[in-house]
Amino acid sequence: MLATIVSVALFAMTPVTTGQGPELPPLFGGGGPDAYGYRWLDSDTTAPGAPTYTWIDIKGVGTRVTGLGDDNVVGPFDLGFDFPYYWYVVTSFYLGSNGYIAFHDNSLDAPDFNPVPGIARPNNTLAAFMADMEPSPLGSPNGSVWYWTNAANDTCIVQYDSIRFWRTGGGDGNNTYQIIISLPDSSITFQYKEQSGTPSNGWLPVSNQCGIENVSGQIGLNYLSGNTPIENMYHPELAVRFFPPESTSMEIHDAGIEYAMNDRSGGIFVLNNQPVELWGVAKNYGNQTEPDFRCYVNVKRGAVSQHYDSTTVSVPNPGDTDSVSFSSWTPSANGVYTIEVFTVLPGDAVPTNDRRIIETRVVTYPAILTYDNGNLQTMQYYRWNGPGGYGNRFVPPAYPCSIAGIRMASSYYVTPAVCAFAILDDNGAGGGPGDTLYMTTVNVNSTTPTWYTGTPSPPVVVDEGAFFVGAMSAVESEPQFGMDSIPPLSGQSWEYTGVWAPSRDMWARDAAFNATIVSTGIEEELRPAPAQPHLTVSPNPFGTSARLRLVNPRTTDQTAGVYDAAGTLVRTLELERGEAVFDGRDLEGRMLSEGIYFVRLVDDDPQVTKLVIAR
């Protein structure tokens with residue numbers, strides 16, 4: 001679905017051998033190489049190594065993907081194996097409703113589509129048929145999406161089956177295609193069983209993309225953009241295979257910040273005169289070993305630095321991460337700040353991932369939680385070309401949090417419209433909007449931008465996690481919603497197109513949705529809500545080993561405890577630089593039986609993470 005606006009590196013290269021894939025002669029059919037050395041061949045090509053179309057039907061065999069609708073992303077899903085992709089390894093993917101998957105990137109791509117390859121997120125994409133698809137029951141009543149990993153754990157297939165193009169009130173055409181990720185030869189294959197109909201805007205580059213790209217989006221191969229080249233148009237029994245080089249001339253020195261202050265580097269709220277723990281996670285994104293280097297934090301109000309610190313980072317091997325903690329900062333005045341966490345690696349090839357900037361708003365109670373500047377006249381206003389809505393995700397600065405009111409900036413374009421206006425819990429799929437905590441209706445009855453409000457009675461109290469404030473309209477193309485594109489940007493805006501998803505424009509503009517929070521009246525002091533340390537496990541479930549990673553660290557050298565379902569400690573693991581490998585054995589070195597276990601930090605009080613051993 002489309003949203004309508006109605007107002008206003010170059011890489012250093014030196015020879016290195018990868019040992020991957022077959023080397024092909026320099027002149028052959030197909031496409032490529034890209035800067036790394038990937039090439040493609042299709043089943044229409046007469047050349048050694050060209051793929052043969054062989055459909056592998058996983059419908060009813062694999063796992064059916066649920067939660068897909070018009071323009072959203074679900075996941076992550078485990079590949080089931082470590083897959084070498086460009087100069088790094090990937091283990092899981094997010095699945096987009098619009099015909100693509102992305103390794104470790106849950107950003108939404110929706111019309112107008114970005115070029116593949118391209119630096120705009122999502123990156124790390126395999127775009128088999130990136131177009132405005134409608135996999136919901138309304139849009140594709142006979143459609144379904146599946147994923148499956150074989151018993152040998154060396155092949156993963158994602159299948160879009162009988163998916164129609166988006167149209168207002170339903171779908172058009174029918175498309176069945178699949179993505180095959182093969183570990184034995186490190187190849188990626190797109191196969192097309194059926195293709196009929198056209199994207200809603202025709203075969204334009206902004207309506208259709210097919211290709212692959214790397215983690216920065218700066219390297220990749222495009223197979224089809226719109227309908228160009230015409231000889232590459234989709235057709236039944238087409239197979240397209242992308243494969244890496246046997247050797248590459250690209251040596252990548254690249255380190256950056258994976259995320260900072262929270263798992264999405266999203267905007268935050270903190271209390272005035274309360275210390276703020278500053279942290280990030282640095283990663284070696286390259287394919288070379290690196291010496292220790294410096295990582296910095298700079299808290300600024302406007303252009304003026306308020307707090308500055310640095311520390312040494314150690315990510316010597318490709319793929320390594322290091323949890324980085326800095327000295328705390330105590331704000332002394334309310335207002336808008338930024339927390340910038342960044343790396344400085346000499347000779348860094350990809351500057352786009354060196355820095356994370358977190359919009360930070362310092363408040364005191366009572367407070368308005370907002371990411372916009374509050375000026376209705378400087379905002380832009382957007383409306384969908386079908387039913388839809390927008391909203392924001394908020395993590396309060398302290399718990400318990402009492403929500404006394406909500407508001408949104410809106411106006412109508414042609415005719416007045418009634419919206420459902422709500423506070424939603426964060427217990428939906430992937431931490432998205434879930435249960436309704438409060439809902440009212442608002443009648444958007446003015447062409448002049450206006451703040452529309454809702455007042456829950458009694459106030460909604462949130463004891464943990466995040467909440468969402470959002471509006472949903474069933475009226476086509478009405479109303480229009482206010483957006484603020486003036487930096488800093490929070491990355492916390494969501495969109496509604498029948499299902500909720502992170503906004504496709506989350507790093508371009510903030511939705512003008514606010515929440516007023518007040519004291520709960522509890523006599524005890526408000527508990528500050530710093531990001532709590534917890535552990536992630538990947539892969540999960542696992543067979544022989546899993547990697548534990550510490551998120552939101554207080555210190556990186558801690559001890560993790562593994563507990564069985566009865567709560568008995570069965571293993572301890574010492575975290576080094578925030579990570580440890582669990583081999584599935586108990587304190588005596590014996591293999592643990594299959595089943596559900598739990599892992600938590602021994603000397604802290606974080607959330608518990610479930611892990612599953614399945615051999």
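Predicted, not measured: the structure shown is a model, and the values here were computed from it.
Take Phe342 and apply the ring-ring contact (aromatic ring centres under 6.0 Å, His included) test, not counting sequence neighbours, and it matches Tyr296. Under the ring-ring contact (aromatic ring centres under 6.0 Å, His included) criterion, Tyr223 pairs with Trp40, sequence neighbours left out. Partners of Tyr234 according to the side chain to side chain donor-acceptor pair (under 3.5 Å) rule, which considers only residues two or more places apart in sequence or in another chain, are Asn208. Scanning for side chain to side chain donor-acceptor pair (under 3.5 Å) contacts around Asn222 gives Gln209, with sequence neighbours left out. Judged as a salt bridge (Lys or Arg N to Asp or Glu O under 4.0 Å), and not counting sequence neighbours, the contacts of Arg121 are Asp105. Residues satisfying the side chain to side chain donor-acceptor pair (under 3.5 Å) criterion with Thr343, sequence neighbours excluded, are absent altogether. Ser187 meets the side chain to side chain donor-acceptor pair (under 3.5 Å) test with Asp185; sequence neighbours excluded. Considering only residues two or more places apart in sequence or on other chains, Phe103 meets the ring-ring contact (aromatic ring centres under 6.0 Å, His included) condition with Tyr85.
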Distance-only donor-acceptor pairs under 3.5 Å for side chains of residues 48-58, two or more places apart:
unit_1, atom_1, unit_2, atom_2, d
Thr54, OG1, Thr52, O, 3.3
Asp57, OD1, Lys59, N, 3.1
Asp57, OD1, Gln159, NE2, 3.1

Donor-acceptor pairs under 3.5 angstrom involving side-chain atoms of residues 137-146: please list them, not counting sequence neighbours.
unit_1, atom_1, unit_2, atom_2, d
Ser140, OG, Glu134, O, 2.5
Ser140, OG, Arg164, N, 2.8
Ser144, OG, Trp146, NE1, 2.7

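Residues in residues 197-219 take part in no salt bridge (charged side-chain N to carboxylate O under 4.0 Å, His left out) pair, two or more places apart or across chains. Listed by first and then second residue, the salt bridge (charged side-chain N to carboxylate O under 4.0 Å, His left out) pairs involving residues 171-181 are Arg167-Asp172 (not counting sequence neighbours).
Counted by atom type alone, Asp254 and Asn353 present one or more donor-acceptor pairs between their side chains at under 3.5 Å.
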